[in-house]
Protein chains: 2
Amino acid sequence: MYIGQAAARSGVPAKTIRYYESVGLLAEASRTPNGYRDYNEADVETLRFVSRARALGFSVSQVGELLGLYRDRQRASSDVRTIAQSRISDIDRKLAELQGMRATLEKLVHSCHGDERPECPILEDLFAPQQH
Amino acid sequence: MYIGQAAARSGVPAKTIRYYESVGLLAEASRTPNGYRDYNEADVETLRFVSRARALGFSVSQVGELLGLYRDRQRASSDVRTIAQSRISDIDRKLAELQGMRATLEKLVHSCHGDERPECPILEDLFAPQQH
DNA sequence: GTAAACTCTCTCGTTACTAGAGGGTCAAGC
DNA sequence: GCTTGACCCTCTAGTAACGAGAGAGTTTAC
């Protein structure tokens, strides 16, 4: 099948498929005589794997690692588990950061009347912040 | 003062200050006779404002808006409040997304023994995902 | 037969910087 | 007078992960 159909069936845009190939995440696709990329069922499944792993926030290079682990079935499950756990740690750090930001913003918003008057403590706070 | 001192006092790296100027977030700095950028106290305070707003996750262009609101004291506080609230909404969306990712990863990690055996349900799950 | 739809490669734009090249300026020390 | 080091300058390129668009060839449908 051509790239358009592979895109439709995997949910990965054609542009993105070419990009993944260009950066080495996917092997170079075989070509039909006219030079169009040619895909099969297994390729579509690989694309779905990539798509789902990306949706879980794995970077493209991490997805490359996961694909490698999948292809080499001799590898221990602990390798996969380790990658997944470090991703969880990344997420936890990001969550804490966002929650801190949110708390500060919430405090600022509550201290601001939000009416037609120009005074708003948000800006003053940003200019003269307490340490945090 | 030169850019190095302004950087030290504001916490914004010199390269970043030049970058902010180049994208129009900051006005072009005045220059000493030798061509060096020249900063004063007010500039340092502006840099601190920018730094703090960036740390709260406002984009550079949003920081530009906030600076504009600060300079034009006639503007209503509701403008500032609206920007801050939309930033909170952004954060809430991101939090929900990360929490969803985290839950899925947690489930996968729990289903994986993490030992020397090659079987790990994480990869199988990524290949044959249930809808979510 | 032709027009739409699809494919190709290539380059640029995005965000918010950071790193580095190549070069000018300035003060201190010998 | 000269060098050394710490500054400063501009400009370019690289980062992550694509998306948009140009310009051109191919296939498909009517």
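Residue numbers begin at 1 in each chain, while the letters A, B, ... track the order of the sequences. What you are looking at is a predicted structure, and each value in this text was computed from that prediction instead of being measured.
What separates CD of B:Gln5 from P of D:dA6 is a distance of 18 Å, to the nearest Å. Regarding B:Tyr19, its OH atom lies at a distance of 17 Å from the C1' atom of D:dT10, rounded to whole Å. In this structure, B:Glu28 places its CD atom 14 Å from C1' of D:dC9, rounding to the nearest Å. At whole-Å resolution of the value, CZ in A:Arg54 and P in D:dA16 are 11 Å apart. Between the C1' atom of C:dT15 and the CD atom of B:Gln62 lies a distance of 12 Å, rounded to the nearest Å. Atom CD1 of B:Ile17 and atom C1' of D:dC8 are 13 Å apart (whole Å). In this structure, B:Tyr39 atom OH and D:dC8 atom P are separated by 10 Å, rounded to whole Å. Rounding to whole angstrom units, OH of residue A:Tyr20 and C1' of D:dA17 are separated by 8 Å.
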Go through A:Tyr36 and A:Ile3 one step at a time and tell me if the side chain to side chain contact (heavy atoms under 4.5 Å, CB included) criterion holds.
CA-CA 8 Å; A:Tyr36 287 10; A:Ile3 198 170; over 6 Å; no
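Rounded to the nearest 0.5 Å, atoms CE (B:Met1) and CG (B:Asp38) are 8.0 Å apart. Note that CD1 of A:Ile91 is 7.5 Å distant from CG of A:Leu56, once rounded to the nearest 0.5 Å.
Dashed line: the shortest gap from a side-chain N or O of A:Arg31 to OP1 or OP2 of C:dT9 is under 4.0 Å. Close to C:dT18, at under 4.0 Å from its OP1 or OP2, lies a side-chain N or O of B:Thr16. Look at A:Arg37 and you won't find any side-chain N or O under 4.0 angstrom from OP1 or OP2 of C:dT7.
The two residues A:Ala84 and B:Leu105 come nearest to each other via the heavy atoms CB-CD2, 4.4 Å.
Here the side chain of A:Arg18 is nearest to one of D:dA17, C:dT7, C:dC17, namely C:dT7. Side-chain atoms of B:Pro13 lie closest to C:dT18 of the nucleotides D:dA17, C:dT18, D:dC9. Taking the side chain of B:Tyr2 as heavy atoms from C-beta on, and the options C:dC8, D:dA17, D:dC8, the nearest nucleotide is D:dC8. Nearest to the side chain of A:Tyr36, among D:dC8, D:dA20, D:dT26, sits D:dT26. Here D:dT26 is the nucleotide among D:dT26, D:dA17, C:dT18 with the atom lying nearest to any side-chain atom of A:Asn34. Here the nucleotide nearest the side chain of A:Lys15, chosen from C:dA16, D:dC18, D:dA20, is D:dA20. The nucleotide whose nearest atom lies closest to any side-chain atom of A:Ile3 is, among C:dT18, C:dT7, C:dC17, C:dT7.
Ionic pairing of B:Arg93 and B:Glu97 is not present here: no N-O contact between side-chain nitrogen and carboxylate oxygen is shorter than 4.0 angstrom.
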